[in-house]
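One structure is given here, and the rest of the page talks about it.
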2 protein chains.
Amino acid sequence: MTTQPPTADTDEDTEVERLNADVCNVVGSVEKIGSKWKLIVLNDLRDGEKRFNELKRSTGASSYTLSRVLDDLEEEGFLENRKEFESPVASYYALTEKGSTLCPVFDALDEWGENWLE
Amino acid sequence: MTTQPPTADTDEDTEVERLNADVCNVVGSVEKIGSKWKLIVLNDLRDGEKRFNELKRSTGASSYTLSRVLDDLEEEGFLENRKEFESPVASYYALTEKGSTLCPVFDALDEWGENWLE
DNA sequence: CGGCATCCTTGGAGATACTG
DNA sequence: CAGTATCTCCAAGGATGCCG
């Protein structure tokens, strides 16, 4: 095995998730992509591809957290990673097709926020 | 292209703040109503008002958790509480106007989940 | 530059028992 | 029935250091 940071979980909470997903997949969706950092990162990538440290700065996430979030999102097919092994290594992240399907969700959140935040 | 990849950012002071503003609505919205239980409860109330134990059952939250979530949501104006101090006390919760404004968000999540969950 | 590994703190949330 | 009071546990995440 490699590492098993916090990401390593046996999913026993799938039970609860399933219960709620039965009712409506709103909750399922949120469980899937509703975590704070996932949303921040995904939303940040709507503008186009960004590099690791760029995301780090713009999102405010620690490299540790960002790294894990990016891994998760890539693994789930929401974004893809392109590396350039040139002079200083460059690593670009961008939304995939699937990642882009979330735009309506972001739009809804964005619009809601516009009217109801602060 | 041998040397340095495009470093688009010059001064990070303004950049960070601008990006934070960019992200603000979506992230702000999520921070506001994006927690698992809040969403579960709010979504559960789209059908109409429910009582405490009803919600407890349908959401699967512990009474402690549910209680706090309800408090939060009421305090933030997403739902309202109606009590009947009759025989056995009855307490009904229902979405407010503000709470209903979240429906587009739920719809977006719902539709996304329909296409992309599992 | 990208990004793991490690340590450590926090609060979110379950279980349980109790009260009006 | 509708909550409140505790106790406890664990995953999320910040800080930091190191390494290719």
Side-chain angles (χ1 to χ4, degrees), chain A residues 1-17 19-20 27 30-31 33-41 49-75 79-94, chain B residues 1-9 12 27 30-41 49-75 79-94:
Chain A
M1 278 310 289
T2 52
T3 55
Q4 43 173 351
T7 323
D9 59 331
T10 53
D11 32 17
E12 49 194 74
D13 48 354
T14 24
E15 178 191 343
V16 176
E17 291 180 26
L19 280 176
N20 290 313
V27 174
V30 171
E31 297 270 336
I33 42 88
S35 94
K36 176 186 169 184
W37 289 119
K38 281 188 182 180
L39 277 163
I40 293 180
V41 169
E49 69 175 12
K50 287 190 180 179
R51 308 172 54 168
F52 188 88
N53 279 338
E54 222 172 333
L55 281 170
K56 185 161 179 280
R57 252 175 277 120
S58 61
T59 62
S62 69
S63 55
Y64 168 75
T65 298
L66 180 58
S67 183
R68 273 187 24 252
V69 171
L70 289 173
D71 282 351
D72 277 7
L73 291 175
E74 189 180 357
E75 195 172 324
L79 52 80
E80 60 194 351
N81 177 229
R82 192 188 98 235
K83 287 177 196 277
E84 289 180 6
F85 300 91
E86 317 272 311
S87 28
V89 179
S91 194
Y92 294 88
Y93 294 90
Chain B
M1 299 284 186
T2 51
T3 46
Q4 36 220 344
T7 315
D9 57 329
E12 45 194 289
V27 174
V30 170
E31 300 247 320
K32 193 94 185 162
I33 42 85
S35 94
K36 176 184 169 182
W37 288 119
K38 282 188 180 178
L39 277 163
I40 292 179
V41 169
E49 70 174 13
K50 287 189 178 177
R51 313 173 53 165
F52 188 87
N53 278 339
E54 219 172 333
L55 281 170
K56 184 159 176 286
R57 250 175 280 115
S58 61
T59 63
S62 69
S63 54
Y64 167 75
T65 297
L66 180 58
S67 184
R68 274 188 30 253
V69 170
L70 289 173
D71 283 350
D72 276 8
L73 290 175
E74 188 180 359
E75 195 172 324
L79 52 81
E80 59 192 353
N81 178 228
R82 192 188 96 236
K83 285 176 196 276
E84 288 178 5
F85 301 91
E86 317 275 310
S87 29
V89 179
S91 194
Y92 294 88
Y93 294 90

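These values consider heavy atoms only, across backbone and side chains, with no hydrogens, waters or symmetry-generated copies. Here is the naming used below: chain letters follow the sequence lines, and residue numbers restart at 1 for every chain. All figures in this text were calculated on a predicted structure; none of them were measured in a lab.
Ion pairing between a basic and an acidic side chain is recognised when a charged N comes within 4.0 Å of a carboxylate O; B:Glu84 and B:Arg82 show such pairing.
Using a 4.0 Å heavy-atom cutoff across all strands shown, B:Lys83 reaches sugar-phosphate atoms only and no base atom.
We find that CG of B:Leu66 is positioned 15 Å from C1' of C:dG12, with the value rounded to whole Å. Computed from coordinates, the A:Glu74 CD to C:dG2 C1' distance equals 13 Å when rounded to whole Å. When rounded to the nearest whole Å, the span between OH of A:Tyr92 and P of C:dG3 equals 12 Å. The nearest whole Å value for the distance from the CD1 atom in A:Ile40 to the C1' atom in D:dA12 is 13 Å. As a whole-Å value, the separation of A:Glu86 CD from C:dG2 C1' is 15 Å. Note: CG (A:Asp72) to P (C:dC4) measures 11 Å, nearest angstrom. Regarding B:Lys36, its NZ atom lies at a distance of 7 Å from the P atom of C:dA13, rounded to whole Å. Nucleotide C:dC1 holds its P atom 17 Å from the CG atom of A:Asn81, rounded to whole Å.
Checking the phosphate oxygens (OP1, OP2) of C:dA15, no side-chain nitrogen or oxygen of B:Ser62 falls inside 4.0 Å. The side chain of A:Arg51 contributes an N or O atom lying less than 4.0 Å from OP1 or OP2 of C:dG2.
The side chain of A:Ser91 has C:dG3 as its nearest neighbour among D:dG13, C:dG3, D:dC1. Checking D:dG14, C:dG14, D:dC1 against the side-chain heavy atoms of B:Trp37 singles out C:dG14 as nearest. The nucleotide whose nearest atom lies closest to any side-chain atom of B:Tyr93 is, among C:dG14, D:dA2, D:dG3, D:dG3.
A:Val30 places none of its side-chain heavy atoms less than 4.5 Å from the side chain of B:Lys36.
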Below 3.5 Å is the cut-off: list the nitrogen or oxygen pairs between protein and nucleotides 4-10 of chain D, distance only.
residue, atom, partner, partner atom, Å
D:dT4, OP2, B:Ser67, OG, 2.7
D:dT4, O4, B:Ser63, OG, 3.2

Test side chain to side chain contact (heavy atoms under 4.5 Å, CB included) applied to B:Leu70 and B:Asn81, step by step = CA-CA 9 Å; B:Leu70 289 173; B:Asn81 178 228; over 6 Å; no
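For B:Ser62 against B:Lys56, the heavy-atom pair with the smallest separation is C-CE, 4.2 Å. The nearest pair of heavy atoms linking A:Leu39 to A:Ile33 is CG-O, 3.2 Å. Closest of all the heavy-atom pairs between A:Phe52 and A:Leu66 is O-CD2, 3.4 Å.
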